[in-house]
Every structure is written in C-alpha cells, then in structure tokens.
Colleague: 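Below are the structure tokens for one structure; questions will follow.
Starting from 1, each residue takes its place in the sequence as its number.
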Amino acid sequence: PNDQPSSLYLRATKQKDLKECLRGYIYQLEHETKSHNHQDFLKFLALITQAKNADVDVSKVTDKQIHTAEEALETVMVEKLGELDFTESSFKTSLALYNRMPTKTMRNNTIRMLQQYSTPIPMSLVAQRLLIEGDNRTKQNFSVLEPTVGNGSLIGLLTQERNASVYAVELDPKRAERTKALTQNYECTVVTADATQIDFEQTFKQKVDYVIANPPFGQSWGGKDADDGVEQAVKADQALFESTDGREGRFFNTPTTGDA
C-alpha cells in the first residue's frame with residue numbers, strides 16, 4: 001500500500017527510511033555472531049538504495065551514500081545506547097555489538113577538518129557511568145556540558161537521567177540537528193557553535209557541574225610532531241586519572257604516541 005513506509009521493504013528512498021533500514025541492520029547484528037566488514041555494509045547499502053528488482057551492484061554505491069549511511073548508523077547506535085543502562089550486562093552487549101560493526105571508512109574533507117572521530121559506544125557507556133556513579137552530587141540535580149557533542153554518543157544515557165540537565169555544543173550543523181532530534185524529549189540544550197570561541201556560561205546562562213568530552217586534539221599529542229612538553233603533560237594527567245580511580249585527571253586512556 002502507498003501509505004506504508006518503504007523501509008518495510010528494505011528500501012531507503014528517504015532519510016527516515018534509511019534510519020529504519022539501519023535499525024533493522026543493528027537488529028541483525030545483535031542476533032548474529034558474525035562480524036560485518038565494509039564489504040558486507042556496501043552490499044546492504046546496495047540492496048536498500050538501488051532500483052527495485054535490479055541486480056545488486058556494490059560498485060555503484062557512491063561515497064556520498066556511504067558517508068550518509070555511516071552517519072545515520074552512528075545515530076541509530078546512539079539510540080540503541082539509550083535503551084541500555086549502566087550495568088555490566090549492558091556494557092557486554094554494547095561491546096559485542098560494536099565488535100560486529102563494520103569499520104567506518106569515509107574520511108572526507110569535512111571529517112578531516114573537523115576531526116569527526118566519534119567515541120566508541122562501549123567507551124561512551126563507561127565514561128557516563130564513571131560520571132554518574134563517581135560522585136554523590138549526581139544523586140541530586142546536576143548539569144553536564146559536552147562541548148564537542150557530535151552525534152551524541154557521550155550523552156545518550158546522561159540525557160535520560162531525570163535529575164540531569166545536559167548542555168551540548170557542536171560545530172557541524174548537520175550533527176547538531178541530529179543530536180537535537182535525538183534529545184528533544186529530554187532536558188538537553190544543543191547549540192551549533194565552535195566550542196573554542198564561545199563563553200559557555202554566557203551561552204547557557206549558568207555554570208555547569210561536569211564536563212564530559214572526547215575533543216579533537218587538533219594536533220599530534222606525542223612524538224616528533226608534538227609541541228614541547230605536551231606528551232609528558234598528557235601522560236602525567238592520565239597517570240593521575242589512574243592513581244585516583246578517575247576522581248582527578250582528564251584522560252581515561254591515551255592513544256598510540258603521535259596520534260592526533
């Protein structure tokens with residue numbers, strides 16, 4: 001029937017249909033033990049985007065379609081995160097799902113310029129749990145700032161805390177709009193801006209209790225390309241985080257030396 005969404009027939013002619021198809025893709029990953037690679041994902045995209053009854057041709061999947069689908073898949077994963085909680089079982093579920101996901105491959109100019117490398121869902125769950133359970137003040141009303149929110153992976157559970165007010169900043173207007181849509185039913189304010197250029201207190205009309213973020217470094221933090229003293233400072237901060245069980249310090253872990 002004409003009033004039925006085309007996603008029911010594995011057709012993605014519109015953005016909302018693409019998300020519905022990708023929800024089905026996530027469901028498939030949840031109930032399989034097989035990990036998917038990039039080629040598997042391309043076959044799925046060819047199936048849902050190419051003409052009905054046509055032979056599936058992976059070579060005709062465009063870079064734009066891949067980028068759009070990868071961004072939508074990340075949004076669907078954040079939605080999935082919102083269905084979980086802070087238990088060990090949820091962490092294992094998110095880890096298994098993440099390990100079955102195809103590797104994100106698109107690295108266009110926008111991604112490189114804005115350094116859009118999102119936090120893996122299992123890591124985002126751990127980070128949010130550390131915040132919620134690491135301080136008694138979160139048992140009362142509290143506020144959190146995410147200054148580089150992207151598609152919302154680091155606030156997917158925080159927004160559902162009844163006593164939490166979440167404030168988020170995102171430079172990419174498209175990602176900001178997606179995060180607004182994801183959090184529209186919660187106590188969350190999202191603004192489109194450059195986090196290095198705004199006054200947070202003035203923008204949100206208040207101070208916040210916590211900051212949670214995975215900001216782009218903007219430069220190599222270690223090795224020959226790093227500024228003097230940066231690598232030592234990062235490692236010292238990460239050691240402080242470990243020695244105080246996360247009560248102090250900013251770095252949960254450090255990437256390979258030289259990573260940006």
Colleague: Does Met77 reach the side chain of Leu97, with side-chain heavy atoms less than 4.5 Å apart?
Modeller: yes
Colleague: Evaluate Arg100 against Glu30 for salt bridge (Lys or Arg N to Asp or Glu O under 4.0 Å), listing each step before the verdict.
Modeller: CA-CA 8 Å; Arg100 293 173 195 153; Glu30 279 187 278; over 6 Å; no
Colleague: Kindly indicate whether the side chain of Val144, heavy atoms from C-beta on, has any atom under 4.5 Å from the side chain of Ile155.
Modeller: no
Colleague: Check step by step if side chain to side chain contact (heavy atoms under 4.5 Å, CB included) holds for Ile121 and Ser153.
Modeller: CA-CA 6 Å; Ile121 291 298; Ser153 65; 4.1 Å; yes
Colleague: Answer yes or no: is there a side-chain heavy-atom contact under 4.5 Å between Pro102 and Asp40?
Modeller: no
Colleague: Please state whether the rings of Phe204 and Tyr167 are parallel, tilted or perpendicular, taking 30° and 60° as the class boundaries.
Modeller: tilted
Colleague: Could you check whether Glu71 pairs with Lys174 (Lys NZ or Arg NE/NH1/NH2 to Asp/Glu carboxylate O, under 4.0 Å)?
Modeller: no
Colleague: Kindly write out the residues that satisfy salt bridge (charged side-chain N to carboxylate O under 4.0 Å, His left out) with Lys92, not counting sequence neighbours, or none if the list is empty.
Modeller: Glu88
Colleague: Does the side chain of Phe142 reach to within under 4.5 Å of the side chain of Ile132, using non-hydrogen atoms?
Modeller: yes
Colleague: State plainly whether one hydrophobic cluster holds both Ile48 and Val58, where clusters connect Ile, Leu, Val, Met, Phe, Trp and Tyr through side-chain heavy atoms under 4.5 angstrom apart.
Modeller: yes
Colleague: Any side-chain heavy atom of Ile26 within less than 4.5 Å of one from Leu73?
Modeller: yes
Colleague: Relative to each other, are the rings of Tyr25 and Phe44 parallel, tilted or perpendicular (30° and 60° limits)?
Modeller: tilted
Colleague: I'd like to know whether NZ of Lys207 has more than 12 heavy-atom contacts from other residues, nucleotides or ligands below 6.0 angstrom.
Modeller: no
Colleague: So how far is it from Asp63 CG to Thr68 OG1, rounded to the nearest 0.5 Å?
Modeller: 10.5 Å
Colleague: Kindly indicate whether the side chain of Leu158, heavy atoms from C-beta on, has any atom under 4.5 Å from the side chain of Glu146.
Modeller: no
Colleague: Show your reasoning for whether side chain to side chain contact (heavy atoms under 4.5 Å, CB included) applies to Glu79 and Lys19.
Modeller: CA-CA 11 Å; Glu79 288 178 348; Lys19 286 184 68 175; 3.2 Å; yes
Colleague: Might you confirm whether atom CD of Glu32 has over 12 heavy atoms from other residues, nucleotides or ligands at distances under 6.0 Å?
Modeller: yes
Colleague: Any sub-3.5 Å donor-acceptor pair from Asp194's side-chain atoms to Leu171's backbone N or O?
Modeller: no
Colleague: Taking all non-hydrogen atoms of both residues into account, name the closest pair between Ala69 and Leu22 and its distance.
Modeller: O-CD1, 3.6 Å
Colleague: Please, which pairs that meet ring-ring contact (aromatic ring centres under 6.0 Å, His included) have at least one residue in residues 82-101, sequence neighbours excluded?
Modeller: none
Colleague: Would you say that Arg175 contacts Glu74 through its side chain, given a criterion of any heavy-atom pair below 4.5 Å between the two side chains?
Modeller: yes
Colleague: Rounded to the nearest 0.5 Å, what's the gap from CG on Asp85 to CZ on Arg129? Could you check?
Modeller: 9.0 Å
Colleague: Return all side-chain donor-acceptor pairs below 3.5 angstrom for residues 181-192, not counting sequence neighbours, or 'none' if the list is empty.
Modeller:
from	atom 1	to	atom 2	distance (Å)
Thr183	OG1	Thr179	O	2.8
Gln184	NE2	Ala181	O	3.4

Colleague: Quick check: do Pro122 and Leu125 have side-chain heavy atoms less than 4.5 Å from each other?
Modeller: no
